[in-house]
2 protein chains.
Amino acid sequence: MARSTPSAQELHRRAVATYVKAGGEESVQRVITAVQGLTKKLDQWYAHQLVDLDVTAGEWAVVTSLAKAGDALTPSQLAELTNVAPSSMTHRLDKLAERGLVERTPDAENRTRIYVSLTDAGWQLFSVAIRGSDVVESDVLQDLSDDERGELARLLEVVIARLDDIDA
Amino acid sequence: MARSTPSAQELHRRAVATYVKAGGEESVQRVITAVQGLTKKLDQWYAHQLVDLDVTAGEWAVVTSLAKAGDALTPSQLAELTNVAPSSMTHRLDKLAERGLVERTPDAENRTRIYVSLTDAGWQLFSVAIRGSDVVESDVLQDLSDDERGELARLLEVVIARLDDIDA
DNA sequence: TACGAAGTCTTCGATATCGAAATATTAGCA
DNA sequence: TGCTAATATTTCGATATCGAAGACTTCGTA
């Protein structure tokens with residue numbers, strides 16, 4: 001029998017304790033650590049789902065970025081959004097274009113620029129995957145009441161709004 | 001002049017709208033999308049800091065996992081915690097051991113198992129990096145009152161606790 | 001207009017990661 | 001005990017990613 005990895009809750013407790021001991025502020029670390037732990041778990045579940053769809057996590061990141069943006073994006077923007085080097089995006093887009101999930105269209109106004117957009121097949125893949133992941137995500141929040149979800153969302157969105165000021 | 005990537009807040013709004021249109025529940029997507037967006041931004045800042053320390057994001061993930069666990073971990077556990085294939089961990093640990101940041105000690109009880117632990121140099125690197133990142137993290141939460149931070153942490157920890165039940 | 005700086009994508013060589021197979025040990029059980 | 005299945009790590013070949021350099025276009029300005 002494999003020695004099981006500690007539970008997410010136990011990992012969270014230890015992580016906060018470690019950061020506080022290292023000089024971090026507790027209220028900050030409780031939030032940051034929880035956010036990161038949650039994302040990590042979600043990523044693990046998504047990875048599991050994506051195997052079935054024969055899409056890598058990196059390719060999926062491109063598809064979701066395009067879907068969420070609603071607009072066409074340039075390779076550079078996609079690289080930044082998906083935390084990858086611009087040169088890596090070239091190959092990713094080659095593969096995605098080969099499979100007919102995205103499309104490259106040169107910008108008529110600026111010939112150094114290329115716009116990448118989802119094809120119908122790309123949108124279809126997105127829809128299928130979303131329907132799968134929404135099940136998991138709802139399940140994750142099941143222990144929160146409607147009011148609590150709303151409050152959680154509100155607080156997180158305050159933080160999100162702040163990100164732009166820091167970035168500048 | 002480069003066409004700037006949309007603000008984090010704008011990206012969040014569009015992402016939620018996209019997911020809701022695709023059939024996701026709004027209260028769920030507001031939370032999940034915000035959590036993921038926040039993590040992504042944090043990762044970008046960390047990456048920037050880690051360049052100065054000459055450590056890759058993957059190597060940093062190993063160091064923090066060991067620090068947060070407080071105990072020695074096996075390569076397999078580290079692979080799972082850092083979302084990487086077990087075979088990749090071998091090379092990462094080689095590099096980290098070469099630099100004297102981690103140490104491999106065979107388990108006397110089970111000779112198929114190896115324990116990886118932080119060296120003093122590894123702990124030192126951890127401390128230095130933490131002091132740097134805590135600044136950014138505190139800044140991110142600056143728009144929340146003490147009460148709000150506590151409430152945010154509490155709600156997130158309810159979600160974290162739930163993760164274990166889903167995993168089982 | 002002309003020219004240098006900056007922006008954008010791609011190419012290229014080195015390195016990291018992946019999945020499958022190999023190696024070795026341990027656990028379960030007849 | 002002996003045999004099979006399960007575990008844990010590493011090796012290996014194929015692929016993905018990175019950072020730097022290349023090719024081309026556009027911008028700013030003299």
Side-chain angles (χ1 to χ4, degrees), chain A residues 1-5 43-44 46-48 50-63 65 72-99 101-117, chain B residues 1-5 43-44 46-48 50-63 65 72-99 101-117:
Chain A
M1 173 94 66
R3 202 184 76 164
S4 68
T5 300
D43 283 347
Q44 287 174 355
Y46 296 153
H48 195 264
L50 293 177
V51 172
D52 300 338
L53 297 170
D54 194 31
V55 178
T56 68
E59 289 168 342
W60 176 243
V62 171
V63 171
S65 294
L73 295 171
T74 67
S76 305
Q77 290 177 315
L78 284 169
E80 188 180 347
L81 287 170
T82 62
N83 288 353
V84 90
S87 61
S88 305
M89 193 49 65
T90 299
H91 185 238
R92 255 193 213 175
L93 294 176
D94 286 346
K95 302 281 290 186
L96 286 167
E98 253 177 44
R99 291 184 51 180
L101 297 172
V102 307
E103 210 173 21
R104 279 193 257 224
T105 23
D107 180 358
E109 312 266 320
N110 182 336
R111 293 191 297 174
T112 65
R113 198 171 310 182
I114 288 180
Y115 285 120
V116 180
S117 54
Chain B
M1 173 97 65
R3 202 184 76 163
S4 68
T5 300
D43 284 346
Q44 288 174 355
Y46 296 153
H48 195 264
L50 293 178
V51 171
D52 300 338
L53 298 171
D54 193 31
V55 178
T56 68
E59 289 168 342
W60 176 243
V62 171
V63 172
S65 294
L73 295 172
T74 67
S76 304
Q77 290 176 317
L78 284 168
E80 187 180 348
L81 287 170
T82 63
N83 287 355
V84 89
S87 61
S88 305
M89 193 49 64
T90 300
H91 185 237
R92 256 194 213 173
L93 294 175
D94 286 346
K95 303 281 289 186
L96 286 167
E98 253 177 45
R99 291 185 51 180
L101 298 172
V102 307
E103 209 172 22
R104 279 192 258 223
T105 23
D107 180 358
E109 312 265 321
N110 181 335
R111 293 192 297 174
T112 66
R113 196 163 353 206
I114 288 179
Y115 285 119
V116 180
S117 55

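Naming convention: chains lettered A, B, ... in sequence-line order (proteins, then strands); numbering from 1 in each chain.
- Within the 4.5 Å cutoff, side-chain heavy atoms of Val62(A) are placed close to those of Met89(A).
- Going from atom CG of Leu78(A) over to atom C1' of dT10(C) covers 15 Å, rounded to whole Å.
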For every nucleotide of nucleotides 15-25 of chain D, 5' to 3': is a protein heavy atom under 4.0 Å from its base (B), only from its sugar-phosphate (S), or from neither (-)? -SSBBB----B

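- The interatomic distance linking Leu93(A) (CG) with dT8(C) (P) rounds to 16 Å, in whole Å.
- Axis orientation changes by 20° from one end of the helix from dT1(C)-dA30(D) to dA30(C)-dT1(D) to the other, with each end axis drawn from 5 pairs and the value rounded to 10°.
- Taking both residues in full, the closest heavy atoms of Leu53(A) and Arg99(A) are given as O-NH2, 3.8 Å, listed atom of the first, atom of the second, then distance.
- The nearest whole Å value for the distance from the CG atom in Asp107(A) to the C1' atom in dC27(D) is 15 Å.
- In this structure, Tyr115(B) atom OH and dA8(D) atom C1' are separated by 11 Å, rounded to whole Å.
- Contact of the Tyr115(A) side chain with the Leu73(A) side chain is not registered, since no non-hydrogen atoms from C-beta on lie closer than 4.5 Å.
- Between Ile114(B) atom CD1 and dT26(C) atom P there is a gap of 13 Å when expressed in whole angstrom units.
- Judged by distance alone, with hydrogens and angles left aside, the side-chain atoms of Arg92(A) form a donor-acceptor pair with the main-chain N or O of Gly58(A) at under 3.5 Å.
- Residue Asp54(A) comes nearest to Glu59(A) through the heavy atom pair O-OE1, 4.4 Å, listed as atom of the first residue, atom of the second, then distance.
- Using a 4.5 Å heavy-atom threshold, the side chains of Pro75(B) and Thr90(B) count as separate.
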Please walk me through it: do Val55(B) and Val63(B) pass side-chain contact (heavy atoms from CB on, under 4.5 Å)? CA-CA 10 Å; Val55(B) 178; Val63(B) 172; 5.6 Å; no

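- A pairwise comparison of heavy atoms in Leu50(B) and Thr56(B) identifies CD1-O, 4.2 Å as the closest pair.
- Taking atom CD of Glu109(B) as the reference point, atom C1' of dT25(C) lies 14 Å away to the nearest angstrom.
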